[in-house]
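Below is one structure, written out as structure tokens; comments come after it.
Chain identifiers are assigned alphabetically (A, B, ...) following the order of the sequence lines, protein sequences preceding nucleic acid strands; residue numbering begins at 1 within each chain.
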2 protein chains.
Amino acid sequence: MAGSIQSLERAAAILRLLAGGERRLGLSDVANALGLAKGTAHGILRTLQQEGFVEQDPDSGKYQLGAELLRLGQSYLDVHELRARALVWADDLARASGETVYLGVLHQRGVLIVHHVFRPDDTRQVLEVGSMQPLHSTALGKVLTAFDPVARAELVESEREAFTAHTVTDLDVIDAEAAAIRERGWAAAVEETWAGVASIGALIQDRRRNPVGAVALNGPVERVCTTGPDGRIGPVRPDLVVSVREAARAISRDLGAPRF
Amino acid sequence: MAGSIQSLERAAAILRLLAGGERRLGLSDVANALGLAKGTAHGILRTLQQEGFVEQDPDSGKYQLGAELLRLGQSYLDVHELRARALVWADDLARASGETVYLGVLHQRGVLIVHHVFRPDDTRQVLEVGSMQPLHSTALGKVLTAFDPVARAELVESEREAFTAHTVTDLDVIDAEAAAIRERGWAAAVEETWAGVASIGALIQDRRRNPVGAVALNGPVERVCTTGPDGRIGPVRPDLVVSVREAARAISRDLGAPRF
DNA sequence: AACATCGTTCGACAATGCCGACGCTGCTTT
DNA sequence: AAAGCAGCGTCGGCATTGTCGAACGATGTT
């Protein structure tokens, strides 16, 4: 694995730093954080600025991400085949279920949301496209870790934060559940990331049956889960599971996956 | 302006090529298009891939944009101050007017949409955030060219396609209208880009009164424009103009612009 | 089966980007 | 006010680093 272009690696590190860090960063901040000489960091930043990947506040001289990234990110979505095929089915799933639908792909140590259909009511919602969700505590993530060895490897490396009392962080428990997920073909996460929210997810495969992403339905536990006679929250509703699995199958078929 | 990092410039060119080109491109396509040796192009692509900026189809070996761009693009939005301040006001404007609202900033030779509020009805709409609109034939673009000298300079360089019979492409006419726009403080574009669609836009300024963006309302001419007694389409509705200008003023004030 | 094409690897050369020290400007301090 | 202090930007020498072109192996085409 020889020969990575140094200046490119550093430029990428700078972009990630700007993306993660607070608001804007000065030249010295950047140089310090990455252990570069100021002159070096400046050269990279100047080029990035010239190309539109970073912008510089005229007053303070501080740097932040540039607009070109937004444009390219949009282009990524335009080209994304999985997303294109899934648009209609995700929409149908949201309409039929009345809940939010996410479409995600594995990216580094998390699930990148590439499509988001709003819950079909009028409440205000924030578009999550482009944001990341954890691997260990969401339906999307669980599906991917269960079926994609790469995802499982990334999960091992990640830190598995406990978001709620229901979050499972123990690797053995996660692996056991992954086996069950492979068996039955779908995953659920009830209040494991956000309190009061449950999600159901299923796998999307391409024409060679490789896992390429997952589709999931998100909603309040009161609607997504069954309630026992004692009023307790039970497992997720079987009819919603069927809907999600059908959507996943339909998208996979659109991608050329064999018909089973 | 000495000292731009060559490999970075080339990497940026490759990304733009992948963003503009059709679907996926092979290594030779990329190398040819940019006049690079195959080995050189490969080195850059390998690094870009390692960093997540491009992905490679395992079968065909062809390259396409990578997911990291989507994530960074999202981060750009998160950091964007103008957008953050404008969210509420844009929402109000859409609700009050019942029409689509765009928020745009100058980027290269066009207007980059950084926020998009759907028309508040249930029809299916495509999110335009991250896409570009022309400078010469939209309300957003006209506002920016009228108030931002940089935008006007970019306009001169751009090619000004005639999208409809109403599109104005002559520079003198555009300049004359720009003067009028500066005078009255708002711009309109009626069927100049899309047939049947009219838009009204106004300028957003920062604390030092620099033009930093524009907000516009988009809708069908039947609703956005007045109709004369003979049923002909007239100028845009004055009440909508007032709403748009008030929204722009409110956002500018949030950014720290003086209160007039 | 021979050919063409494509992505990838490799080694040599020198161009290129890296580094550290030095201006410069704007702001706070004494 | 003068001095000090950060902060960004620039410059030139050095060697590291990226570039180039040719050759390789795999794939699929004629």
Pairs under 3.5 angstrom only: tabulate donor-acceptor contacts from the side chains of residues 105-114 of chain B to other protein residues two or more places apart or in another chain.
{"unit_1": "B/H107", "atom_1": "NE2", "unit_2": "A/E68", "atom_2": "OE1", "d": "2.6"}
{"unit_1": "B/Q108", "atom_1": "NE2", "unit_2": "A/E68", "atom_2": "OE1", "d": "3.1"}
{"unit_1": "B/R109", "atom_1": "NH1", "unit_2": "B/E154", "atom_2": "OE1", "d": "3.4"}

Only distances under 3.5 Å count here; give the side-chain donor-acceptor pairs of residues 27-45 of chain B to other protein atoms, sequence neighbours excluded, each with its distance to 0.1 Å.
{"unit_1": "B/D29", "atom_1": "OD2", "unit_2": "B/G26", "atom_2": "N", "d": "2.9"}

> Using a cut-off of 4.0 Å between protein heavy atoms and nucleotide atoms, how would you tag nucleotides 18-25 of chain D 5' to 3' with B, S and -?
Replying inline: SSBB----

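Every residue meeting the side-chain hydrogen bond (donor to acceptor under 3.5 Å, both in side chains) condition with B/R24, not counting sequence neighbours, appears here in chain and number order: A/E81, B/D57. Partners of B/L87 by side chain to side chain contact (heavy atoms under 4.5 Å, CB included), not counting sequence neighbours, listed by chain and number: B/R83, B/H115. With sequence neighbours excluded, the residues forming a salt bridge (charged side-chain N to carboxylate O under 4.0 Å, His left out) with A/E177 are A/K142, listed by chain and number. For the side chain to side chain contact (heavy atoms under 4.5 Å, CB included) test, residues two or more places apart in sequence or in another chain that qualify with B/V156 are B/R152, B/L171.
Taking only side-chain nitrogens and oxygens, B/H42 never comes nearer than 4.0 Å to OP1 or OP2 of C/dG7. The side chain of B/Y63 places an N or O atom within less than 4.0 Å of a non-bridging phosphate oxygen (OP1 or OP2) of C/dT8.
Put simply, CG on A/L27 is 11 Å from P on D/dT10, counting in whole angstrom units. Rounding to whole angstrom units, CD of residue B/Q56 and P of C/dG7 are separated by 8 Å.
Nucleic acid contact class of A/E9 (heavy atoms, under 4.0 Å, all strands): none.
Applying the ring-ring contact (aromatic ring centres under 6.0 Å, His included) test to residues at least two apart or on different chains, the pairs with a partner in residues 55-83 of chain B are B/Y76-B/H80.
Taken over five-pair windows at either terminus, the axes of the helix from C/dA1-D/dT30 to C/dA14-D/dT17 are inclined to one another by 0° (rounded to 10 degrees).
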